[in-house]
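Shown next, in structure tokens, is the structure this report addresses.
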Amino acid sequence: MSLLEVTDLRVSYGAIEAIKGISLEVEEGQVASLIGTNGAGKTTTLRALSGLLKPTAGTIRFDGQRLDGVPAHEVVVRGIAHAPEGRRIFPLMSVEENLELGAYSRKGQDYLADVGGVFERFPRLEERRAQKAGTLSGGEQQMLAIGRALMSRPRLLMLDEPSMGLSPIMMQLIFDTIGELKTAGTTILLVEQNASAALALADFGYVLETGKVVLSGSGKDLLTDEKVRKAYLGED
Amino acid sequence: MTQFFQQLSDGVVLGALYALIALGYTMVYGIVQLINFAHGEIFMVGAFGGYTIYHYLLPDNMPALVALPIVLVASMITSGVLAAIVERLAYRPLRNAPRLAPLITAIGVSIALQEMIRLFYPNADRGEPFPQLFPNGQVHFGGVSESYVNCFLVVLSVVLMLALRTFVLHSATGRAMRATAQDPDTARLMGINIDRIIVTTFVLGGLLAGAAGTLQGMVASPIDFQIGFIAGLKAFTAAVLGGIGNITGAVLGGFVLGIVEALATQYVPNGSALKDAFAFVVLILVLVFRPTGLLGESVRARA
Amino acid sequence: MPLLQATGVTKQFGGLRALSNVDLTVEEGEIVGVIGPNGAGKTTFFNCLTGMETRTSGEILFRGAPLPTRPDRVTVAGVARTFQNIRLFHNMTVLENVLVGTHPRSRAGVLSAIGRGPRYKREERKAESTSRELLSFVKLDGLRGELAKSLSYGDQRRLEIARALATDPGLLLLDEPTAGMNASETAGAIALVKAIRARGIGIVLIEHDMRFVFGLCDRVAVLVHGEKMVEGSPAQVQSDERVISAYLGRPAE
Amino acid sequence: GSKKESSSGGSGTHIVKIGMIAPLTGSLSALGLGMKNSADLAINQANAAGKIKGWKIEFDPQDDTGDANTGGAAAAKLASDNQVAGVVGTLQSSIALQAAPQLNKQNIVMVSPANTNPSLTQGQNYLKTKSRPFASYFRVATTDLIQGAFAADYAYNTLHAKTVYLVNDKLVYGQGLNEAFGNEFKKKGGRVLATDFVTGGQKEFGSLVSKVKQAKPDLVYYGGQFPEGAPFSKQLTSAGVKAAFMGGDGLVDKSFVTTLGVQTANDYATNVGAAVEDLPAAADYVKAYKDAGYKDAFSAYGPNTYDATNTIINALAKVLPGKSSIDATVLKAVESAVQGTDFAGITGKVAFDQYGDTTNRIITMYKVEGGDFKKVVTGTFSG
Amino acid sequence: MIPMLQRALRIQHTWNLPLRTCQAMAAAAFVLEVVGTNLAWATYTGFPGLMSLSFYPAGARSYVLALSVALALVAVRFTRRRQAGIWASLASFALTLQTLIAISRDGGGLVNVSAGAWITLLGTILGIIAFVALPDDGAPLPSSWPRLPRVLDGLAVVAGIGAAMLLLVYGLSVDPANQFVGLVIALIGGLAALNRLGLFAWLGALYARQQGLSLALIGLAAISFPFTQNGESYWLRVGANVGVLAAAAIGLNVVVGLAGLLDLGYIAFFGVGAYVAALYGNAGLGPSRGHIPFLLIVPLGALVSGLIGVIIGAPTLRLRGDYLAIVTLGFGEIFRIVVNTYDGFTGGPNGLANIPDLAFGSFNFGLPHKVFGITLQGFANYYWAELVLIAIVVFVFSRLDRSRIGRAWVAIREDELAAAAMGINTVAYKLLAFGIGASVAGGSGTIQAHVATQVSPDSFVFMQSVLLLAAVVLGGMGTVPGALVGAAILYAVPEKLRAFSDYRLLIFGVLLILVMRFRPEGMIASKRRQREFHDTEASGSDALSAPPGFAGAVP
Ligand SMILES: Nc1ncnc2c1ncn2[C@@H]1O[C@H](COP(=O)(O)OP(=O)(O)OP(=O)(O)O)[C@@H](O)[C@H]1O
Ligand SMILES: Nc1ncnc2c1ncn2[C@@H]1O[C@H](COP(=O)(O)OP(=O)(O)OP(=O)(O)O)[C@@H](O)[C@H]1O
Ligand SMILES: [Mg+2]
Ligand SMILES: [Mg+2]
């Protein structure tokens, strides 16, 4: 049984249906990747999974249990962390406080070790631990967002365009981190515009177009797929 | 000179009252960016709550110092519960509406609460004498004297304000409040139940306002259905003066306002008539030179 | 005379020196790239140019004259920009967004707006035709009546560019125009930037997409820690060891 | 104006209306409701006795909520009703300033039981040259001039106060009282230490109290209404100010006493007219009021209102019989009938001088004692 | 209660009975209501209308009857328009209930209610059930409203405006307050039902096609209002008052609705105008005893107000969002307090009274005049003067709105920094909006001084600013008709409800809450607002959005 099973998911913004019946699965311990053009509905899918949006139809199962209709703050407790598009760190709080908030769902547990773990992974953050997060540069904020998501010790980590706006070197670092997390046993659902890097890393990939899955397959298969190469890798 | 200190001390008393109410404005503003115009009425209803308990439930011969904590807690609970109800029924449905909608709603709530008390509470329109639960008498510091009840007011306010500050800065719930204030959606992703956090914020503000209700009743009896309006306006001004959204700022703003009014009464020609104008002049001057209030922090939107 | 000549631009945030002594020159019709690690100060540099941050020191000449320090005057003087985080007028239509862009190039005051004389009407017609032309230039002519907020991300970026062009700039500053675009969409953006240059407009762009930068720019400046580390042709920059270790990680493919 | 023929014309009884403008809601409603009930009582009695042959009186009370603009609109409504032949009201002088001109334009008489500001009858410059601005305006209440002077006389001669601290709410009434008191007090040889102000709705007077305390006056004379006056007096007492506190009829309300609670020391207030219990005629009124079962007490202005209403009824009884409609000539006749009023009311003789002011200048001084206002002395001021 | 109503009125449908059953129930409801309204409702005479008589529908009963006919129409003609049906039947239910309560209150108990009322009540309940249970397939509004040929188009416009005018005059003449409340309930329900049927969308399109004609007719209707008043002045005075405030509301609309500057002290500018007129107009109450002629005093009041607006605005307009709101509130209060204090000049709290009527050459505004043989009371003249002022304001406003300047205002409201990046001098444009708003209020205030015959600081309290703001928001922000409608509702309806004066403010407060809850864009919403307000998700598009630095309870 897969860790995450989505069947026939539909999500609307007012009268506009943005997700028109998507089904997908993510196996425990694997990296799955969602790619697609602007406005295809990738972000919307993640927001529905984490409970920020209410699906109009369809079911979501996480570890065998129904997840649709569960409020966002409960979803975290169940073991899903979401590093949202555009980073969304808490700008007026220090780096450290941001991380502490990441562990909010684990009330009463000791999280100091986890803070240390994040600092170990991103030494840059440790240097700025007392700085207001809003004044960090884009890349630093991205590290913080990922670190914060890890603080809840998720079983499934959802990353929405973690490389957006990052310098090449930073992008490599982020992708390396994703690889390490996977090795450490975290399941990852990755949304990326940088399709070649994402598919290279992914065990399985889904291609979204206007709210529907138009293609799916293993990362390697998709990388070599004619249509994908043309539409998403910019090759002709 | 003595008179100067006397007025300073009177200003502190008044300021403590403003500050207690201002905290509710500032916290609610901080978390949902709403000027909760109904907050003054929540304070007013709290005063009536305390009065009601005293008048209708407590035995007549109860010693004043036993009744006092009961009345105080009753006021606080009344205001806290009312704040929660108002949030739930009037503001929550508008959480995602543009700013002006909840603002107008707040004005509506304010009017409705005033009118309900006026219409359905006996004598609320002409004023109910509030029970005097504190022994009469004066404390003297040098030539300055304040009544016991005024001293009690200041001490209690300061204790409550310190407690609140500690709570917001150092508890997990406080941190969740600040997170919700900055980005509610992302706060939910952290596992924060923002509905509960927001209602908690309203309740906290309400509790303080309720305490202020009892205090006001004791220093400025009688209470009537309109006491919330002026107190609310002043407290709101205090909150902005200190930098709205900022807890320490609200307290500072309250004291500054109280002191300005007291000194204006004494030293400005026609001061007793102009003191409110002075309060606003100070506010405007501060804002012109520090556009985010005395302690307000500005992290500018980055281009 | 160079189009833009910035010398010694410095910006201090409290204890942090975000920019120190940055010089940059842009010639008429040139495309200059600004790259650098995250937090190097690229956006801050744009903000200093356009008056959105007050610079600590430094001199900026545009067409030989000092550039004003207030955002609106900068635009009037002929320098327009787009934002790293898109900032459109969400509840205005696509066409209205561009019409707002024509603001500095029209004169009508209160009285002529009320009076609606022939001059006013002529000016208004001209603003509208310019806007329509620009929308078709960025290939958004089909979406004129839509609200800006309902546009997809890529379309919003293009609308922002059209809006900036409507101010009739001599120099256009683009902050990460392809962020969030996939490879094939980026290819479209390359064509667009080239077409803008063809209109005789100088361009400075910030980007992290190296194919985009090196495929497009005449010259590239590298900012690191608020200082300009290297400036030169794409080939020079690409092979500079320091740039590789600080920024690229491995040579761009 | 062109008044339409009364709608119920023809055979049987015609309808004439007496209007009222008073605060029926709001913080002054206690006073207003007492006025409304008293007028209602007078009208019911007149109808029952068939006092105006061929006519029935209807009562049309309008709420001014204590607000001048609302009062103005109420006056417009009454002024445009062609069945209205007289109006009782207002409570506040500031509202009368809006209502009187409108009613005067339509020649509708207005008799106030409570307005005490001199300018309503004697013009803006009443201190220098008196001139009556509204021919149709009358009042059965004595002006502030009399009330304030009476109080000053009592304070100086009986209480032996030599210094006074004046405080008022800056409204027509409060300021008028303060001025009248101050002028008379100074004339007698007393000293006015300062004049200060309270603002509407103010309940906390900490720094004003400190200021008064520093000045050490023998007396604080307050021109204003009880909602602010009560907490002010109370806070003076609890801050240890020993001076006596005195004010005008605006303080005469039960709430004033209850607010002061047990710690009252030294509070005085004047009211216009003799004390009700002193007037034999008033006993009947008090009984009738009780029997009618009104919910609210008749309050400070009930008796005056009863007299004011009867003033209009008497005039109507003189003019209306034999007429079938109310037009400008009839209204003019009513106006001169009111001018010529002379009857024994429950507060004393009711008659008017050339300005429309009552010739009855009796004032009573009360002291707060044992949880109520106790009469101290009744008299009149004669300069 | 609120969620319940909402559930009933919005999408959820829990029962979904078969269509046939629902239609049968609706038909039964209709029959019950027709029978019930033709029987006696009260056991005693004297209640408004002839409620004790059979077969003579009067007063509230006729409204119930009318609504029930509408209901039946809905049931028969558009079987799927369940929301229209729900509104109509809810309204007839509320109306019956209200009448029932009134009868038993006036008569002293429920025993005074006779069978007719009970039967009708039963019918209305059945009607609600029928429509709530009606299956809804979510089909779009019927497109069956015909597009009329051109000639009929015009006629329809004439008919529509004529009907509205008649309704207004009728509404004002309905006297017993109970019956007026009944009418209001019937109107709300009926109009909502018609709206759900698509009538207003159709009418809107019609008026858009016939704009010139519509405007002319509306103008004509407004001008002719005084002729409907039988020579009485009461409603004309109210009309003049509404006009004064409507003009001010349009000015506030520029400030808040267009430029997005929340002004909570706006009434002060109105006050400035009023005092200018009282001190220097033909009242000449100032120390200088000046007598500036009326035609000059209006622009002078506007100018002085506008100048003060600019002086206040210059240092403060850099403040953002709610900081500006509190500063304007502060200025409003300062104005009031200062006027209150310096009584030598302004008359202090007593204000300046006895302001004479306007005179225009030999034409005295205060006197009755005969026009076409109809006597019009003096307030008609003020009413017309206000109409002229409103016409000018509306003209200027709509021209500015659809110009480069209007666009700049909207851009500033949307995103100030981006607007600056488009070369817009944001401070200057905000000042312009502030100044224009202030002048409109000032000009309007000069007339108000004469209508009210006195000016005093109590007329310029914070609550008045709030009322004006509420008028703008209730009517519909950013639209001229909205401001007019809002002002009319807020200032005229309370006059009608004098009998309920005790509950007036309570009703007002609750009304504000409900309108914001269910129709936050106001009665007459601009297209842009409608889209903004009914967004499913919060986005950066707030009408008056705070800068990010605003948020956060920072110690
Ligand atoms: N708040 C909103 N209101 C209305 N429509 C929206 C909203 N957010 C997104 N949409 C629409 O939903 C669709 C899917 O958007 P979504 O953000 O999920 O796309 P995406 O795949 O994440 O695109 P991108 O790569 O640009 O981030 C788009 O058509 C978009 O316009
Ligand atoms: N208001 C501020 N206060 C303090 N530091 C700031 C402020 N604004 C920016 N900084 C700091 O200045 C540095 C430069 O920021 P800038 O946004 O210019 O970087 P950038 O080169 O555009 O990075 P990116 O590529 O990530 O967008 C960063 O370290 C940032 O944290
Ligand atoms: Mg996305
Ligand atoms: Mg940047």
Side-chain angles (χ1 to χ4, degrees), chain B residues 26-27 29-31 33 35 89-90 93-105 107-116 119 165 168-169 177-178 181-182 185 233 236-237 240 244-248 270 273-274 276-277 280-281 283-284 287-288 291-293 297-301 303, chain E residues 2 256 262 315-316 318-323 325-327 329-331 333-334 336-338 340-342 417 421 462 466 469-470 473-474 477 502-503 505-506 508-517 520 532-533 535-538 541-555:
Chain B
T26 240
M27 293 207 301
Y29 189 92
I31 204 152
Q33 279 77 57
I35 302 176
L89 291 186
L94 299 177
R95 191 82 50 78
N96 292 331
R99 303 279 302 286
L100 220 47
L103 186 80
I104 299 286
T105 300
I107 292 169
V109 171
S110 159
I111 295 172
L113 284 176
Q114 266 191 37
E115 289 298 296
M116 280 197 258
L119 289 169
R165 198 184 132 90
V168 170
L169 286 189
M177 279 165 70
R178 287 182 292 144
Q182 290 169 36
D185 257 3
L233 207 62
F236 171 38
T237 310
V240 176
I244 196 157
N246 182 314
I247 287 178
T248 322
N270 272 331
L274 284 174
D276 292 356
F280 286 110
V281 168
L283 171 82
I284 290 164
L287 287 187
V288 167
T292 50
E297 195 163 343
S298 80
V299 172
R300 272 228 314 176
Chain E
I2 292 173
V256 180
L262 183 51
T316 52
R318 263 169 303 149
L319 295 175
R320 291 168 184 240
D322 297 340
Y323 283 104
I326 173 82
V327 166
L329 190 163
F331 271 114
E333 287 293 286
I334 290 174
R336 188 179 60 79
I337 295 167
V338 166
N340 226 1
T341 306
Y342 296 107
L417 190 72
F462 173 59
V466 166
L469 187 65
V473 175
L474 274 185
M477 243 189 347
D502 226 12
Y503 296 90
L505 270 177
L506 181 61
F508 172 59
V510 172
L511 193 74
L512 281 186
I513 301 172
L514 290 182
V515 171
M516 284 302 106
R517 176 71 188 81
E532 248 173 75
F533 275 70
D535 215 0
T536 41
E537 269 208 313
S541 60
D542 295 1
L544 294 157
S545 72
F550 236 55
V554 193

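Any value given below was found using the heavy atoms of this structure, including those in side chains, with hydrogens, waters and symmetry copies removed. Order of the sequence lines fixes the chain letters, A, B, ..., with proteins taken first and strands second; residue numbering starts at 1 for each chain.
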Next item on the list: Identify the two heavy atoms, one from Gly330(E) and one from Phe280(B), that lie closest to each other, and give their separation to 0.1 Å.
Entry: CA-CD2, 3.3 Å

Notebook entry, point to check: How close do Gln33(B) and Ala181(B) get, heavy atom to heavy atom, and via which atoms?
Noted result: NE2-O, 4.1 Å

Margin query: Show the nearest heavy-atom pair for residues Arg178(B) and Leu169(B), with the distance to one decimal.
Written below: NH2-O, 3.7 Å

Item checked: chain E contact via Leu287(B) - side chain, backbone, both or neither, heavy atoms under 4.5 Å -> both

Check: Heavy-atom distance under 4.5 Å to chain B: side chain of Val466(E), backbone, both or neither?
Finding: side chain

Check: Which atoms of Phe331(E) come close to chain B, meaning under 4.5 Å heavy atom to heavy atom: side chain ones, backbone ones, both, or neither?
Finding: both

Check: For Leu119(B), is it the side chain, the backbone, both or neither that has a heavy atom under 4.5 Å from a heavy atom of chain E?
Finding: side chain

Item checked: Contact leader toward chain E among Asp276(B), Ile111(B), Val281(B), where contacts are heavy-atom pairs under 4.5 Å -> Ile111(B)

Margin query: Pairing donors with acceptors under 3.5 angstrom, does anything connect the side chains of Thr248(B) and Arg165(B)?
Written below: yes

Notebook entry, point to check: At their closest point, which heavy atom of Ile284(B) faces which heavy atom of Ile334(E), and how far apart are they?
Noted result: CD1-CD1, 3.9 Å

Next item on the list: With a 4.5 angstrom heavy-atom cut-off, could you sort out which part of Leu113(B) is near chain E: side chain, backbone, both or neither?
Entry: neither

Notebook entry, point to check: chain E: which of Leu233(B), Leu94(B), Leu283(B) shares the most heavy-atom pairs with it under 4.5 Å?
Noted result: Leu233(B)

Check: Atom CZ in Arg336(E), atom OG1 in Thr341(E): separation rounded to 0.5 Å?
Finding: 9.0 Å

